[in-house]
Amino acid sequence: MALLYILHSLLKLAFLCSFWPTVIPLSLNYPAVFNFGDSNSDTGGLVAGKAFPMTQFNGETYFHEPSGRFCDGRLIIDFLMEAMELPYMNPYLESVGSPSFQTGCNFATGGSTILPANAASTSPFSFNLQLSQFFRFKNRALTLLSKDKELQNYLPAEDDFNKALYIFDIGQNDLDGVFYFPASDEQVVAFISKLMSELNYGMKRLYDAGARNFWVHNTGPLGCLPRIIATFGKKPSNLDEHGCVASHNRAATVFNKKLHDMCLQFLAHSPEANITYVDIFSIKLNLISNYSLYGFQQPLAACCGYGGPPLNFDTRIACGVTKDLNGSIVIANPCNNTAEYINWDGTHYTEAANGFVADEILTGNYSDSPH
């Protein structure tokens, strides 16, 4: 009887399991990676291209020195490169130290936008310019390789450009900027549609040049950044149940919906393309909503900032900066334990949070690959 009971239980369990979704971890195997984006995936582009002053605390957790990243350590892109067993990405504009680009190149720069930059832009290297840099890089690399085969130790082979993974993590700065000027909901939606057209056009240029593997990150919960809360969340009525600015998160949701639709449309006109759409928004919002379950203690406060709880962020003084505020010399120092914080400096995430996001990405639970 006992044996029959056990057998019955096992059959029942097998029957129930047949209705559960199968989780298939993502397997990333590419000879090279080319990344287009902003500070969320900038591994030194803004520092190299604009001599942007990076404070001593950026990079302290992992690299133990400024690494060109707006973080105390590694970014999501760094963890993804580790998962692919490839070296960390070198920025396109880095000329010091003889960087190798054999396994790809990073065109992302902090402050970059999808739409072309203007005189007020933090970064001149918007998406269209990053694309131009890529095509120059590709043409130059193939020309040099045709003359000197030994350069294959430093540059991608011609076939690698076709087999490479092309990553896109950009749009947050475009969306961020909308809220500093009066705009109706209809105008915001129209603006987002314009962003999608620009992004689609750039991806099509890459596809026509042989790119086939596309990896697209949607934008995170913009309204949960301490910088945004400090600026737009002064009225409690502007905040949602998580303490985030509701209007910004709604706009991010619209952006992500249109981005997903754009990916599907792109596939319809590019039959040989493979697209993986990654829901960064849901991963980050889940982390912020359930922070204590994942070992964090501060869901919204900046680790490196000034002002103390609840946000530890002051728009007048950036992470690592010493400044005279109201007659007192103050410094925006980092927290004692960065692993307890989700946010690093008011705008960017800590290495601990980036590691969590990367782990969630790699489970495949937040990815949509229509092909």
Side-chain angles (χ1 to χ4, degrees), residues 34-42 45-46 107-135 166-209 211 214-225 227-228 231-232 245-270 273 275-282 284 347 368 370:
F34 298 100
N35 182 66
F36 305 87
D38 50 34
S39 58
N40 289 317
S41 58
D42 181 359
L46 194 63
F107 300 93
T109 51
S112 292
T113 51
I114 293 176
L115 293 183
N118 55 44
S121 300
T122 302
S123 167
F125 307 108
S126 49
F127 182 53
N128 63 325
L129 186 51
Q130 291 181 26
L131 285 173
S132 296
Q133 291 174 334
F134 166 78
F135 284 111
Y166 291 78
I167 301 180
F168 306 85
D169 191 339
I170 195 168
Q172 179 173 298
N173 293 316
D174 298 88
L175 206 57
D176 186 356
V178 170
F179 290 92
Y180 291 90
F181 304 95
S184 65
D185 290 345
E186 291 77 14
Q187 289 173 320
V188 172
V189 171
F191 177 74
I192 292 173
S193 296
K194 185 177 181 181
L195 298 179
M196 295 304 109
S197 296
E198 194 81 14
L199 194 58
N200 181 75
Y201 175 72
M203 291 172 61
K204 188 66 169 64
R205 286 182 62 193
L206 292 169
Y207 179 83
D208 291 342
F214 298 88
W215 180 284
V216 181
H217 286 182
N218 71 11
T219 199
L222 184 62
C224 296
L225 300 178
R227 174 177 58 81
I228 299 298
T231 305
F232 297 94
V245 180
S247 58
H248 286 63
N249 280 357
R250 284 197 300 270
T253 300
V254 174
F255 177 95
N256 293 336
K257 172 65 168 61
K258 287 188 172 293
L259 181 64
H260 187 265
D261 291 344
M262 186 277 289
C263 288
L264 294 177
Q265 292 168 8
F266 181 82
L267 276 177
H269 295 93
S270 311
I275 288 187
T276 298
Y277 171 91
V278 185
D279 189 3
I280 298 293
F281 183 97
S282 293
K284 288 184 174 180
T347 299
D368 180 13

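Quick note: residue numbers are just sequence positions, from 1.
Arg250 has no carboxylate O lying under 4.0 Å from a charged side-chain N of Asp185, or vice versa, which leaves the two without a salt bridge.
No option in Asp42, Thr109, Asp38 other than Thr109 meets the side-chain contact (heavy atoms from CB on, under 4.5 Å) test with Phe125. Between Asn256 and the choices Thr219, Asp261, Ile280, the side-chain contact (heavy atoms from CB on, under 4.5 Å) rule is met once, by Thr219.
Closest of all the heavy-atom pairs between Pro182 and Gln187 is O-OE1, 4.2 Å. The nearest pair of heavy atoms linking Ile170 to Gly37 is CB-CA, 3.9 Å.
A heavy-atom distance below 4.5 Å is not found between the side chains of Asn200 and His269. Taking the side chain as every heavy atom from C-beta outward, Asp176 and Ile228 approach each other to under 4.5 Å. Within the 4.5 Å cutoff, the side chain of Ile192 has no heavy atoms near those of the Val178 side chain. By the 4.5 Å heavy-atom criterion applied to side chains, Pro116 and Glu198 are counted as neighbours. Within the 4.5 Å cutoff, the side chain of Asp368 has no heavy atoms near those of the Asp279 side chain. Between Asn218 and His260 the shortest side-chain heavy-atom distance does not fall below 4.5 Å. Considering only heavy atoms from C-beta on, Asn249 comes within 4.5 Å of Cys224 through its side chain.
Taking CZ of Phe191 as the reference point, atom CG of Asp174 lies at 5.0 Å (rounded to 0.5 Å). Rounded to the nearest 0.5 angstrom, Tyr207 OH and Ile275 CD1 are separated by 10.0 Å. With values rounded to the nearest 0.5 angstrom, His217 atom NE2 is found 9.5 Å from Thr276 atom OG1. Separating the OH atom in Tyr166 from the CZ atom in Phe134 is a distance of 3.5 Å, to the nearest 0.5 Å. Once rounded to the nearest 0.5 Å, the distance linking CZ of Phe232 with CG of Leu225 reads 11.5 Å.
Using cut-offs of 30° and 60° for the angle between ring planes, the Phe179 and His248 rings count as parallel. Using a 30° and 60° split on the angle between ring planes, Phe214 and Phe266 fall in the perpendicular class, above 60°.
Atom OH of Tyr180 is surrounded by more than 12 heavy atoms from other residues, nucleotides or ligands within 6.0 Å. Applying the 6.0 Å contact sphere to OH of Tyr201 captures no more than 12 heavy atoms from other residues, nucleotides or ligands.
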* **Worked verdict on Asn118 versus Ser121 for side-chain hydrogen bond (donor to acceptor under 3.5 Å, both in side chains)** => CA-CA 5 Å; Asn118 55 44; Ser121 300; 3.2 Å; yes
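Gln172 places no side-chain N or O within donor-acceptor distance of the main-chain N or O of Leu222, the cut-off being under 3.5 Å.
Side-chain N/O atoms of Ser112 and Ser123 include a donor and acceptor closer than 3.5 Å. Side chains of Asn35 and Ser41: a donor on one and an acceptor on the other come within 3.5 Å.
Ring to ring, Phe255 and Phe281 are not that close: their centroids are 6.0 angstrom or more apart.
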